[in-house]
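Just below is one structure, and these are the notes that go with it.
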Amino acid sequence: MRLNDILKLQDYNLDSNSTVEIFDMDDFSDAVKARKFKKIIIPQDESTEIYPYAFLINSSILIAMEAD
């Protein structure tokens, strides 16, 4: 599976050669404190439940997804 099978890369201005890791959102607070992310993309609706894992692109861009 490729990242562009899951996300529309152009929506996030990502290169098709970007590296992707799965990020455990349980580690989110510590990662923010450590300034691990250059950019964080999360659902805008604050009442939305976030999936427990996110995509970490190029080791610095976090894309959190809405849980179904």
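Side chains included, hydrogens not; waters and symmetry mates left out as well; all remaining heavy atoms used.
The line from CG of Asn58 to OG of Ser18 is 4.0 Å long, rounded to the nearest 0.5 Å. Taking CD1 of Ile61 as the start and CD1 of Ile41 as the end, the distance is 6.5 Å to the nearest 0.5 Å. Between Ile63 atom CD1 and Leu14 atom CG the span is 5.0 Å, to the nearest 0.5 Å.
Asp45 contributes a side-chain N or O that, together with a main-chain N or O of Ser47, makes up a donor-acceptor pair within less than 3.5 Å.
The aromatic rings of Phe28 and Phe37 sit parallel to each other, their planes meeting at less than 30°, with 60° as the upper class boundary.
The heavy-atom pair separating Ala54 from Leu62 by the smallest distance is CB-CD1, 3.6 Å. Smallest separation of non-hydrogen atoms from Met25 and Ala64: CE-CB, 4.2 Å.
Of the listed residues (Lys36, Lys39, Lys38), just one forms a side-chain contact (heavy atoms from CB on, under 4.5 Å) with Ser60, and that residue is Lys38.
Under the 4.5 Å side-chain criterion, counting only non-hydrogen atoms from C-beta, Phe55 is in contact with Met65. Within the 4.5 Å cutoff, side-chain heavy atoms of Ile40 are placed close to those of Val32.
Screening residues 21-32 for side chain to side chain donor-acceptor pair (under 3.5 Å), with sequence neighbours left out, gives Glu21-Ser59.
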